[in-house]
Number of protein chains: 2
Amino acid sequence: MKNSRQNTAAQILESLTNDIIQGEYSPRQKLHIKTLKDRYNVGTSPLREALSQLIAKDLVISENQRGFYVSDISIEDLTDIYQARAKIESLCIEMAIEKGDDFWEANLIAASHRLNKYSKLDEIEMGEWQIRHAAFHEALVVGCMSPRLFQIRDSLFEKSTRYRNLWLRENVTNTAALKINQNEHAALLILALERDKKAAKKLIEAHIMTPVEIIKKSLSQL
Amino acid sequence: MKNSRQNTAAQILESLTNDIIQGEYSPRQKLHIKTLKDRYNVGTSPLREALSQLIAKDLVISENQRGFYVSDISIEDLTDIYQARAKIESLCIEMAIEKGDDFWEANLIAASHRLNKYSKLDEIEMGEWQIRHAAFHEALVVGCMSPRLFQIRDSLFEKSTRYRNLWLRENVTNTAALKINQNEHAALLILALERDKKAAKKLIEAHIMTPVEIIKKSLSQL
DNA sequence: TAATGTAAAAATGTCGACATTTTAAAATTT
DNA sequence: AAATTTTAAAATGTCGACATTTTTACATTA
């Protein structure tokens with residue numbers, strides 16, 4: 001395993017990022033250097049370099065001489081992140097509708113079909129559903145053609161993951177919520193193909209904000 | 001100097017960030033560990049931790065076993081960053097116009113006045129002008145009340161600094177360009193106070209995109 | 001001379017050690 | 001017993017050293 005293209009710091013960064021956004025470590029949890037070294041079998045330097053990158057990504061905070069902590073979550077932060085996500089997604093879709101070509105349309109229809117078929121199954125495996133769901137939304141915005149806006153979109157999506165998982169726990173069996181979701185996706189597809197920017201923007205913003213109230217409840221029960 | 005509230009890594013991060021966006025190091029320049037250690041008088045660990053954060057901020061890139069480099073600039077990146085900045089700024093202003101109160105208005109008028117007075121002087125010191133200019137634009141968007149959107153705005157502004165400095169070199173004596181700029185600021189103030197979202201958005205996007213063509217020329221001559 | 005191969009030099013990434021600070025526990029005082 | 005001080009333990013941040021890889025300089029061959 002010596003000839004891996006990534007250095008140790010980059011590898012740990014992946015693991016740590018995942019473990020934090022998937023809730024392996026809780027918000028505000030202390031991240032002891034010693035413990036992490038043992039867990040990931042690495043030395044001090046690459047570990048601290050990975051943590052440094054997580055600081056820049058706002059997933060970890062550090063206090064001088066007091067170590068590293070998983071960054072906190074809160075209702076204010078939840079609202080702000082989802083609001084920002086909604087606006088950015090809306091922006092991307094607007095630009096995609098302006099610039100999207102036949103291939104964008106075709107790809108979007110295909111992604112919609114894949115999500116639809118899977119959503120109608122009796123037994124839905126949440127991992128696969130999330131993949132197809134994310135793929136549909138990406139197909140919508142991919143026409144916007146801005147690397148920076150995509151990067152911002154991705155980073156906000158990543159930050160929202162810890163909150164989204166609270167929603168998924170509530171709705172893994174809630175088929176009614178999934179149904180509404182499905183209808184919204186169908187409407188989004190139509191509006192995009194009709195190039196109705198205004199309506200598409202309005203709908204996507206509402207679509208992204210939908211889970212916020214439910215997550216608020218889960219959060220306040222914590 | 002032992003009891004400074006920041007650790008070494010955080011201090012170097014500030015210096016490095018500044019030195020990169022102010023052009024002390026050029027795009028694609030190799031950042032030798034040894035050289036940097038000597039220059040900033042620090043050890044390997046905090047230096048690499050600072051560089052790790054700069055990687056997350058896209059100001060530095062690294063290749064395994066080949067070290068660190070200042071990230072490149074290009075016409076494509078210039079356009080993308082300014083386009084993204086324009087859209088984000090537009091978004092913030094839209095939200096600010098929706099939510100802004102009397103204090104937002106008052107503060108905006110004050111900031112406009114400070115910029116105006118300074119712009120009319122015979123001898124303009126560019127550093128002070130930049131401060132007042134940035135303050136005016138911040139006063140415009142501050143009503144939007146979203147920490148995350150501000151953070152995105154700031155990070156895009158920081159990324160655009162290397163390009164902006166190219167513009168400033170061209171226009172430090174170009175009073176005609178500054179005049180147009182001044183008129184646009186006056187118009188922005190009026191539109192904001194009139195709560196004319198649509199016109200304000202359109203103008204701010206054009207305003208931010210204005211320097212792009214000039215910078216393109218400077219870039220292609222490099 | 002150009003191309004290829006080899007040896008030396010330089011640079012990177014990782015580790016363990018150490019001084020300093022923080023935290024926890026024990027002892028002392030009020 | 002509660003509050004404060006003292007002492008011990010644990011954890012952090014920084015450094016220099018070292019193995020490994022890359023780069024450069026030089027020599028060999030076609």
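Note on naming: letters A, B, ... go to the chains in the order of the sequence lines (proteins, then strands), and numbering restarts at 1 for each one. Every heavy atom of this structure was used, including side-chain atoms; hydrogens, water molecules and symmetry mates were not.
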Q | Comparing A:A9 and A:Y69 on DNA chain C - which has the more 5′ nearest nucleotide | A | A:A9
Q. Which part of the nucleic acid, if any, lies within contact of A:T8, taking any heavy atom under 4.0 Å across all strands shown: a base, the sugar-phosphate backbone alone, or nothing?
A. sugar-phosphate
Q) B:F68 CZ to D:dT21 P: how many Å, rounded? A) 18 Å
Q | Nucleotide nearest B:S45 (side chain, heavy atoms from C-beta), chosen from D:dC15, C:dT14, C:dA11 | A | D:dC15
(Q) I'd like to know if B:T44 reaches the base of D:dC15 with its side chain, counting only an N/O donor and acceptor under 3.5 Å. (A) no
Q: By nearest nucleotide on DNA chain C, pick out whichever of A:R66 and B:I33 is the more 5' one.
A: B:I33
Q: Indicate whether any N or O donor in one side chain lies under 3.5 Å from an N or O acceptor in the other, for B:K37 and B:T44.
A: yes
Q. How about B:R39: does its CZ atom have over 12 heavy atoms from other parts shown lying under 6.0 Å from it?
A. yes
Q: Output, in order, the C-alpha distance, side-chain angles, deciding distance and verdict of side-chain contact (heavy atoms from CB on, under 4.5 Å) for B:Y40 and B:L16.
A: CA-CA 9 Å; B:Y40 299 101; B:L16 266 177; 3.8 Å; yes
(Q) Taking any heavy-atom pair under 4.0 Å as a contact, classify A:K30: base, sugar-phosphate, or nothing. (A) sugar-phosphate
**Q.** Spacing of B:K34 atom NZ relative to D:dG16 atom P, expressed in whole Å
**A.** 11 Å
Q) Does a nitrogen or oxygen in the side chain of B:R48 sit under 4.0 Å from OP1 or OP2 of C:dG13? A) yes
Q: Check the distance between D:dT20's P and A:N7's CG and give it to me in whole angstrom.
A: 17 Å
Q) Going by the angle between their ring planes, with limits at 30° and 60°, are B:H185 and B:H207 parallel, tilted or perpendicular? A) perpendicular
Q) A:E63 has an atom CD; how far is it from atom P of C:dT20, in whole Å? A) 22 Å
(Q) Can a side-chain donor-acceptor contact be found between B:N7 and B:E49 if the only test is distance below 3.5 angstrom? (A) no
Q: Measure from CG on B:N41 to C1' on D:dG16 and round the result to the nearest Å.
A: 15 Å
Q) What is the distance from CD1 of B:I55 to C1' of C:dG13, rounded to the nearest Å? A) 12 Å
Q: Measure from CG on B:N64 to P on D:dT20 and round the result to the nearest Å.
A: 15 Å
Q) For A:Q6 and C:dT14, what is the distance between atoms CD and C1' respectively, to the nearest whole Å? A) 16 Å
